[in-house]
Protein chains: 2
Amino acid sequence: MKLKFNFKKGKTMESNQFKTLISEEGLKSTRQRAEILDIFLNSTGHKNLAEIYAQVAKTNPKIGYTTVYRTLKLLTRLGLAAQRKFADGETRYESTAEGTHHDHLICLGCGKIVEFEDDGLESLQHRIARRHGFKIFHHRMELYGYCGPCAHKKTPLRRKG
Amino acid sequence: MKLKFNFKKGKTMESNQFKTLISEEGLKSTRQRAEILDIFLNSTGHKNLAEIYAQVAKTNPKIGYTTVYRTLKLLTRLGLAAQRKFADGETRYESTAEGTHHDHLICLGCGKIVEFEDDGLESLQHRIARRHGFKIFHHRMELYGYCGPCAHKKTPLRRKG
DNA sequence: CTTAAAATGAAATTGAAATTCAATTTCAAA
DNA sequence: TTTGAAATTGAATTTCAATTTCATTTTAAG
Ligand SMILES: [Mn+2]
Ligand SMILES: [Mn+2]
Ligand SMILES: [Zn+2]
Ligand SMILES: [Zn+2]
């Protein structure tokens, strides 16, 4: 008796989770969604749609930009992706695979994006909110400045975070 | 000998400051700019262009939307206005007349926007940045939740902040 | 005044986000 | 397996705020 093993466990598990989520919503599992999900979950960083689409198109040029757009919106609705709009105005997406909440440090020189968590910050936010009679559900916290290397350089190179 | 006095001192002073700033930049002082500035500085809150234009048009319907747009951009460049983009995606402007830095609490129910300052928060931000080798120049900090009234109501009314 | 430069405002353009719609695919039920 | 309603796809189109264009008017220096 032969058994086949899929060694890409992480991916397979994600796909199954996805299929479950999808069907629970009365939606359908499609090749396109699976491919986009796979590529998106196996990537890191904060990418705009054009970048994600480019990556998808490398694997399957038949998949349309609109489908990538709609799938990222779907993933966001399902909690698998998070949409970010930093001060440069671009709409970016990041995977929530790691799951943990975090905020961002953004280098004005090279564009590097560093993630951080700070419990003190979170609790301070709630204290401030309570002080004004608010109940907080989420927040946006971005720190803009220069990273170590850029703080020294005269002409920092632009790269992506 | 007759002297004329303008009793709207605040306004006049702002106007003079503005004329100085304007001419320092090689720009010209115009009736439109003066009117828009006057209306903008004598208003409070976080308004989008359409709202500011509507207010301007009430006083002088001859002033074009484009001029209001350009003047708000100018005021932003001169530091008299600040552009804000909260999570609803709308572009808003607020006067910096008071001058002090502040962050925002935003009610998801009624849209109310409450401003706050917290030195502890500011210093914590710098501590976090230093921890990651960053030098911070500005930040964005918005807390989203429900204000006291909305936290209780079943169907909060939408109003503007 | 005269004149060059700047400003105005209606109209046109831009570009990202969102929608449309005919063709295709999915999947539950037969 | 077949069927067919419902969902999805993707190219094209639309939307809509932000921005630019450009002919005309206004400002202010000389
Ligand atoms: Mn992140
Ligand atoms: Mn404010
Ligand atoms: Zn940097
Ligand atoms: Zn409220």
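Given the structure is predicted, the values throughout are model-derived calculations rather than measurements. Every chain is numbered from 1, with letters handed out A, B, ... down the list of sequences.
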Checklist entry - Taking the nucleotide of DNA chain C with the closest heavy atom to each, which residue, B:Thr30 or A:Thr66, is nearer the 5' end? => result B:Thr30

Item to check | Interatomic distance where CZ belongs to B:Arg92 and P belongs to D:dA17 [whole Å] | outcome: 13 Å

Item to check | B:Tyr53 OH to C:dT8 P, straight-line distance once rounded to whole Å | outcome: 14 Å

Item to check | Protein-nucleotide distance (A:Ile22, atom CD1; C:dC27, atom P), rounded to Å | outcome: 9 Å

Checklist entry - Quick one: B:Arg33 CZ to C:dT8 C1', roughly how many Å, whole number? => result 9 Å

Checklist outcome for this item: Rounded to the nearest 0.5 Å, the CG atom of A:Leu75 sits from the CD atom of A:Gln83 at a distance of 12.0 Å

Item to check | B:Leu72 CG to D:dA18 C1', straight-line distance once rounded to whole Å | outcome: 13 Å

Checklist outcome for this item: In whole angstroms, the gap separating P of C:dA23 from NZ of A:Lys62 amounts to 18 Å

Next on the checklist: If you compare every side-chain N and O of B:Thr91 against the phosphate oxygens of D:dA18 (OP1, OP2), does one of them come in below 4.0 Å?
Outcome noted: yes

Checklist entry - Of the candidate nucleotides D:dT19, C:dC21, C:dA4, which contains the atom at the shortest distance from the side chain of A:Arg70? => result C:dC21

Checklist outcome for this item: Per atom distances to the A:Lys73 side chain, the nearest of C:dA18, D:dG10, D:dA7 is C:dA18

Checklist outcome for this item: On DNA chain D, more 5' by nearest nucleotide between A:Thr67 and B:Ser29 is A:Thr67

Checklist entry - To the nearest angstrom, how far is B:Arg31 atom CZ from D:dA28 atom P? => result 11 Å

Item to check | Proximal nucleotide (of C:dT26, D:dT8, C:dG9) relative to the A:Leu27 side chain | outcome: D:dT8

Checklist entry - Are the side chain of B:Asn42 and the backbone N or O of B:Asp38 linked by a donor-acceptor pair below 3.5 Å? => result yes

Checklist entry - D:dC16 C1' sits how many Å from B:Asp88 CG, rounded? => result 15 Å

Next on the checklist: Can a donor-acceptor pair be found, under 3.5 Å and without considering hydrogens, that links the side chain of B:Lys47 to the backbone of B:Thr44?
Outcome noted: yes

Item to check | B:Lys28, nearest nucleotide to its side chain (from D:dT27, D:dT8, D:dA18) | outcome: D:dT27

Next on the checklist: Strictly distance-based, threshold 3.5 Å: is any side-chain N or O of A:Ser23 a donor or acceptor partner for the main-chain N or O of A:Gly26?
Outcome noted: no

Checklist entry - Think A:Tyr69 has a side-chain N or O under 4.0 angstrom from the OP1 or OP2 of C:dA17? => result no

Item to check | Among A:Tyr69, A:Tyr65, A:Tyr93, ring pair (Phe, Tyr, Trp, His ring centres under 6.0 Å) partner for A:Tyr53 | outcome: A:Tyr65

Checklist entry - Quick one: is A:Gln32 getting a side-chain N or O under 4.0 Å of the D:dG10 phosphate, OP1 or OP2? => result yes

